[in-house]
Amino acid sequence: MNNLKWYFPKTIKEATDLITKEKVLPHAGGTALLLRNLEKINGLVNLSDLPLYYTKKEDNTIEFGSMNTYADIISKLKKIDTENILLKSLQNSADTPLRNRITIGGSIAFAPPWSDIIGALIVLDTKIILSGKNEGVFPIEEYLKNNKLKQDSLITGIRFNLSKWKTFSYRNIRTKKDMPAFHIVVMLQIENDIILESKIVITGTVNRYDWMKEIENYLKSREIDIIEFSKIEEMVDVKFSGKRFTDPEYSRKLAGIELSRGIKKLVRES
Ligand SMILES: Cc1cc2nc3c(=O)[nH]c(=O)nc-3n(C[C@H](O)[C@H](O)[C@H](O)COP(=O)(O)OP(=O)(O)OC[C@H]3O[C@@H](n4cnc5c(N)ncnc54)[C@H](O)[C@@H]3O)c2cc1C
């Protein structure tokens, strides 16, 4: 086994220089790294001394430093925007000790199929702030799809706009402790009993995530009284791998039922 070297940089520049070294990785919450075989890794760059625990709110835009944990985000958003889809998505994720440790930066870089954060960040049209080789601000979907963006680059923060949309999150678990097999997020803009816009994403599918564009088009400009919820159920045609928990067709059916129920709930509350 390699002699694993730990680094404790005090500045972002120091950290980004360190991660350009061969087989040297950032270490945030460490919850994914601790399950990984680190035999071939030369070093870990501990990010905990960096100024990445910040929150900035300017007008309608909010920015969080990447070392904020799930628990930090939950407590901060509770004070600012209780309807926020990120808050709803994270508040039942994992368990308390893990939520105190899992960071947003590590979760975006790792983006596992059971992620509770990725769907919310996608529907919020989140921008990822990078330092290092790929310095700049990138849409989350570009970051997830383009592996080159991850090379020698540190996520330092995320930025998104706050909105007045109604939100719904559903994580499919068997027991309270389970990681979700899939996670549904919905944002609806409703005015005078008409759905103006919707944003709907399911994560945990074979494509990692899928937008429900057909359903979004069906709902657009539709009066809430004439929504056919059984139709919505049938429009969910995502593919699940079936490697985790269950039969893929069972999961697809369940995703349809839960998505349709979620939209019905939001419409009734409006
Ligand atoms: C038992 C268990 C249950 C879990 N359940 C859930 C759940 O229900 N829902 C959920 O959403 N998550 C869950 N997680 C967390 C998830 O699986 C990952 O472990 C977590 O998202 C990683 O975040 P971290 O901060 O610990 O990252 P780390 O483990 O520190 O790092 C993960 C990866 O990201 C890289 N990295 C870290 N920070 C940065 C950065 N700032 N910039 C660039 N790269 C970076 C690292 O080099 C590493 O490759 C669970 C984890 C465990 C162990």
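Read the numbers this way: they start at 1 and go in the same order the structure lists the ligands and their atoms.
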Worksheet item: Looking only at non-hydrogen atoms, which of Leu44, Leu52, Leu98 approaches atom 2 (C) of ligand 1 most closely?
Response: Leu98

Discussion item. Would Lys150 pass as a cation-pi partner of Tyr143, given that its NZ or CZ must be under 6.0 Å from the six-membered ring centre and within 45 degrees of the axis?
Written reply: yes

Worksheet item: Taking atom types as modelled and ignoring hydrogens, do the side chains of Ser48 and Asn46 form a donor-acceptor contact shorter than 3.5 angstrom?
Response: yes

Worksheet entry | Tyr209 versus Glu141, side-chain donor and acceptor atoms under 3.5 Å | yes

Worksheet entry | Trp114 and ligand 1 - part of the residue with a heavy-atom distance under 4.0 Å | both

Worksheet item: Are any of the N or O atoms of Tyr143 closer than 3.5 Å to those of ligand 1?
Response: no

Worksheet item: Between Lys5 and Asn42, does any side-chain donor sit less than 3.5 Å from a side-chain acceptor?
Response: no

Fill in: For Leu25, the ligand 1 atoms whose distance to one of its heavy atoms is below 4.0 Å
47 (O)

Worksheet entry | Distance-only polar pair, side chains of Ser153 and Lys133, donor-acceptor under 3.5 Å | no

Worksheet item: For ligand 1, does Ile108 get within less than 4.0 Å through its side chain, its backbone, both, or neither, judged by non-hydrogen atoms?
Response: neither

Worksheet, complete the sentence: the protein heavy atom lying closest to atom 36 (N) of ligand 1 turns out to be Ala109 CB, 3.9 Å

Practice prompt. Identify, by atom number and element, the atoms of ligand 1 in contact range of Pro180, meaning under 4.0 Å from any of its heavy atoms.
Written response: 8 (O)

Worksheet item: Going by atom types alone, do Thr61 and Asn161 pair a side-chain donor with an acceptor below 3.5 Å?
Response: yes

Worksheet, complete the sentence: re atom 15 (C) of ligand 1, the protein heavy-atom contact at minimum distance is Ile102 CD1, 3.4 Å

Item to complete: May I ask you to decide if the ring planes of Phe8 and Trp6 are parallel, tilted or perpendicular, using 30° and 60° as cut-offs?
Response: parallel

Discussion item. Rounded at 0.5 Å granularity, tell me how far CD1 in Ile118 sits from OG in Ser107.
Written reply: 7.5 Å

Worksheet item: Which one holds for Leu34 and ligand 1: side chain close, backbone close, both close, or neither close, with close meaning a heavy atom under 4.0 Å?
Response: neither

Worksheet item: For ligand 1, which atoms, with element, lie under 4.0 Å from some heavy atom of Ala28?
Response: 25 (O), 30 (O), 37 (C), 38 (N)

Worksheet item: Which residue from Thr103, Thr203, Asp152, Leu154 reaches closest to atom 25 (O) of ligand 1 through any of its heavy atoms?
Response: Thr103

Worksheet item: Who gets closest to atom 4 (C) of ligand 1 by heavy atom: Arg36, His183, Met179?
Response: Met179

Worksheet item: What protein heavy atom sits nearest atom 46 (C) of ligand 1, and how far away is it?
Response: Pro26 O, 3.1 Å

Practice prompt. Record the part of Leu47 in heavy-atom contact with ligand 1 below 4.0 Å; permitted values are side chain, backbone, both and neither.
Written response: side chain

Discussion item. A cation-pi test, strictly: NZ or CZ of Arg222 under 6.0 Å from the centre of the six-membered ring of Tyr218 and no more than 45 degrees from its axis. Yes or no?
Written reply: yes

Practice prompt. Take every heavy atom of Ala111, measure it against each atom of ligand 1, and state whether any distance is under 4.0 Å.
Written response: no

Worksheet entry | Close N or O approach (Tyr70, ligand 1; < 3.5 Å) | yes

Fill in: Arg171 touching ligand 1 at heavy-atom level, < 4.0 angstrom
yes

Discussion item. For the residue pair Asn172 / Tyr170, report whether a side-chain donor-acceptor contact shorter than 3.5 Å exists.
Written reply: yes

Item to complete: Within a distance under 4.0 Å of any heavy atom of Ser115, pick out the atoms of ligand 1 and give their elements.
Response: 11 (O)

Practice prompt. Identify, by atom number and element, the atoms of ligand 1 in contact range of Ser153, meaning under 4.0 Å from any of its heavy atoms.
Written response: 43 (C)

Discussion item. Tell me the contacting part of Lys150 for ligand 1: side chain, backbone, both, or neither, using a 4.0 Å heavy-atom threshold, strictly below.
Written reply: neither

Fill in: Residue pair Glu63 / Tyr54, side-chain donor-acceptor N/O under 3.5 Å
yes

Worksheet item: Any idea which of Ser131, Ala94, Ser107 brings a heavy atom closest to atom 21 (O) of ligand 1?
Response: Ser107

Discussion item. With respect to Gly29, determine whether any N or O atom, backbone or side chain, lies less than 3.5 Å from an N or O atom of ligand 1.
Written reply: yes

Worksheet item: Backbone or side chain, does any N or O of His27 fall under 3.5 Å from an N or O of ligand 1?
Response: no

Item to complete: Output the list of atoms in ligand 1 that are nearer than 4.0 Å to some heavy atom of Leu35, sorted by atom number.
Response: 53 (C)

Discussion item. Tell me the protein heavy atom at minimum distance from atom 29 (O) of ligand 1, and give that distance in Å.
Written reply: Ala32 N, 2.8 Å

Item to complete: Using side chain to side chain contact (heavy atoms under 4.5 Å, CB included) as the criterion, point out the one residue from Asp210, Leu219, Val236, Val123 that pairs with Ile200.
Response: Leu219

Worksheet entry | atom 27 (O) of ligand 1: nearest protein contact (heavy atom, Å) | Gly106 CA, 3.4 Å

Worksheet item: Taking both backbone and side-chain atoms of Gly30, is any N or O found less than 3.5 Å from an N or O belonging to ligand 1?
Response: yes

Worksheet item: What protein heavy atom sits nearest atom 48 (C) of ligand 1, and how far off is it?
Response: Leu33 CD2, 3.8 Å

Discussion item. Distance alone, cut at 3.5 Å: any donor-acceptor contact between the side chains of Ser169 and His183?
Written reply: yes

Worksheet item: So is Ile155 polar-close to ligand 1, meaning N/O to N/O under 3.5 Å?
Response: yes

